[in-house]
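Heads up, the thing below is written out as structure tokens.
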Amino acid sequence: MSTSEHHDDGSNEPSSTERVLNFIETEIEKDRAKPTWGNRSLHTRFPPEPNGYLHIGHAKSICLNFGLAQRYGGKCNLRFDDTNPAKEEQEYVDSIMEDVRWLGFQWDGLYYASDYFDQLYLWAEQLIMAGKAFVCDLNAEEMRQYRGTLTEPGKNSPYRDRSVEENLKLFREMRDGKYPDGARTLRAKIDMSSPNLNLRDPVMYRILRAHHHRTGNKWLIYPMYDWAHGQSDSVEGITHSICTLEFENHRPLYDWFCVNLGIYHPRQMEFARLNLTYTVMSKRKLLQLVQEKHVQSWDDPRMPTISGLRRRGYTPESIRAFCEKIGVARFNSMIDVTVLENSIREHLNKIAPRVMAVLRPIKVVLTNYPDGQVEYLEAINNPEDPGAGSRKIPFSREFYIEEDDFREDAPSKYFRLKPGGEVRLRYAYIIKCEKVVKDPNTGAITELHCTYDPQTRSGSDTSNRKVKGTIHWVPATHALDAEVRVYDRLFSTEEPDAAEAGKTFLDYMNPKSLEVVHAKVEPCLTEAPAGARYQFERLGYFCVDVKDSKPGKPVFNRTVTLRDTWAKLEARGDS
RNA sequence: UGGGGUGUGGUGUAAUUGGUAGCACGACAGAUUCUGACUCUGUUAGUUGGGGUUCGAGUCCCUACACCCCAACCA
């Protein structure tokens with residue numbers, strides 16, 4: 001894509017296609033306008049650490065970085081920040097690549113920070129020879145003490161003034177395995193009294209005997225994030241290195257390494273990470289949910305992971321639209337999770353075929369309908385998409401309706417079925433409830449006896465009658481049984497992260513985040529392919545579970561409900 | 001208590017750089033509806049506080065306050 005975003009038509013009114021620029025785009029446009037920019041093209045990167053699955057917060061960063069490259073005709077790399085073999089695994093690498101592709105993006109270069117371990121090592125020696133790095137024998141505890149505090153300056157390490165020769169010898173011995181893990185570090189020699197703690201002689205290398213998913217056992221020393229990230233950007237010719245706000249304090253160090261190495265110097269820019277209500281987003285907490293089995297897996301449909309959202313039925317388009325909608329800024333904000341939910345509703349409304357399903361069935365018998373008669377009624381597949389066509393649904397004497405669609409004691413504004421009341425069956429007839437049949441022991445409703453008006457058949461209604469309510473149904477003899485997983489929010493409080501004293505986010509888990517029901521669905525769903533998304537009319541959007549669904553024994557996941565004005569009225573006591 | 005950041009309706013995000021505070025979502029009200037969905041119309045509500053400069057301040061100055069980040073050999 002090219003730079004078609006430069007609108008300069010002189011009008012004050014933003015045209016309908018014009019997007020307002022976010023602060024990063026504004027800065028990029030300034031940079032590109034500088035004479036020093038030359039004819040370079042924009043180059044960004046998405047740099048995940050492969051120590052967990054990607055989540056919706058990463059999607060924001062992915063859409064930002066890849067989106068920028070598309071918008072400005074540039075490139076975007078995928079680079080795994082794999083400098084800590086203790087936590088990183090191939091499984092995560094694979095899932096990350098899958099998720100980025102699924103979101104609809106294709107990276108230009110695929111790299112790993114570990115690709116640069118040799119180069120980084122050479123640069124470390126270069127800094128040692130320049131007298132700007134030293135081998136330190138302080139252990140972790142001592143180093144912490146020497147570092148000082150937020151308000152007090154640190155003290156120089158007693159090893160800070162070793163000769164270049166000694167530093168070089170020691171560093172090479174670190175590399176060659178002469179010292180145990182944690183025995184020594186290589187540190188940059190900057191300023192122990194800097195108010196920015198990151199500049200108080202930060203560690204560049206630590207000794208760590210761990211198997212690395214790519215370099216195996218080749219290395220015994222591993223670079224720290226700060227020592228790897230900017231240089232990786234530099235090697236790849238990244239122009240704008242976009243990261244989250246907590247790295248802002250690291251920028252002076254990012255800059256220091258590039259300057260003191262005398263290498264190409266990308267520009268780091270920071271933006272606020274995504275926070276969502278009713279959601280935890282830290283990888284640590286998501287890992288904990290998985291490891292402690294509070295959810296079934298990383299791709300559990302209740303997880304805010306990309307794979308979880310995918311399995312839940314979210315589309316890539318809806319996630320991209322969401323990321324576009326929430327914007328990019330430097331202010332820590334909290335996005336209402338309903339914004340995400342509305343994004344998927346909006347997309348699925350346009351593309352999802354409609355179908356009828358009854359989650360909690362009550363049987364209805366039409367006492368005046370000829371026994372054994374079957375009619376095939378025409379139903380529209382998607383009113384939002386005329387091209388989707390229609391289908392035939394068998395209709396006969398017995399069928400199921402939703403438990404929720406019948407009330408014995410109905411409030412005045414309830415216009416579904418009630419004793420003596422009338423309602424239209426979607427695509428069928430107007431029926432009247434004549435009798436409620438109950439289990440003599442439990443008092444539970446077992447059946448409803450209704451009559452229908454033959455004049456009211458949909459499409460050929462000659463009665464001219466109107467009823468207030470229309471409900472969905474599934475024919476009893478042709479119904480397909482299906483397992484439906486009714487998902488709800490994983491947490492029952494807006495900010496599970498803000499746990500009160502003595503509690504953790506786990507104390508706020510929603511006990512009803514998953515309810516499994518045995519539903520009756522339209523027969524046409526027998527052939528529903530894995531991953532297919534539907535609207536169950538009047539209920540919500542559901543998708544065929546990709547892992548557990550089997551032909552003839554479908555399993556559906558509820559992606560999201562439809563907007564439910566009635567539920568809101570009732571909750572408000574306005575019914 | 002040091003340093004670095006950030007404050008615009010309920011939420012998110014703009015404001016041509018000092019010139020009518022706009023957009024989206026939500027909420028509310030109504031229209032429409034064989035999905036209490038969708039769609040459409042309307043209403044609602046904001047510059048963290050206090051000073052100052054100016055004809056004019058969200059924007060500049062001073063001051064106060066609030067919130068976030070930083071003391072891993074994590075990223």
Margin query: Tell me whether the side-chain N or O atoms of A:R416 pair up with the base of B:G36 as donor and acceptor below 3.5 Å, since no angle test is needed here.
Written below: yes
Item checked: B:U35 phosphate, OP1 or OP2, under 4.0 Å from A:R563 side-chain N/O -> no
Check: Hey, which of A:Q268, A:R267, A:R79 is the one that makes side-chain hydrogen bond (donor to acceptor under 3.5 Å, both in side chains) with A:D233?
Finding: A:R79
Item checked: Enclosure of A:R273 CZ (heavy-atom neighbours >12, cutoff 6.0 Å) -> no
Check: Rounding to a whole Å, what distance do you find between A:W256:CH2 and B:G4:C1'?
Finding: 20 Å
Notebook entry, point to check: Do other residues, nucleotides or ligands put more than 12 heavy atoms under 6.0 Å from A:D176 CG?
Noted result: yes
Notebook entry, point to check: Would you say the side chain of A:N196 and the base of B:C70 hold a donor-acceptor pair, judged only by whether the two atoms sit under 3.5 Å apart?
Noted result: no
Note to self: Centroid distance below 5.5 Å plus an interplanar angle below 30 degrees: do A:Y225 and B:A75 meet both conditions?
What the structure shows: no
Check: Looking at B:U35, does its base get a donor-acceptor pair with the side chain of A:Q535 below 3.5 Å?
Finding: yes
Next item on the list: Kindly say whether, by distance alone, the side chain of A:H472 makes a donor-acceptor pair under 3.5 Å with the base of B:A37?
Entry: no
Checklist line | Side-chain ion pair, A:K520 and A:E403, N-O less than 4.0 Å | finding: no
Next item on the list: Syn or anti for B:U17, please, going by whether the chi angle lies within 90° of 0.
Entry: syn
Notebook entry, point to check: OP1 or OP2 of B:U6 less than 4.0 angstrom from a side-chain nitrogen or oxygen of A:R330, does that happen here?
Noted result: yes
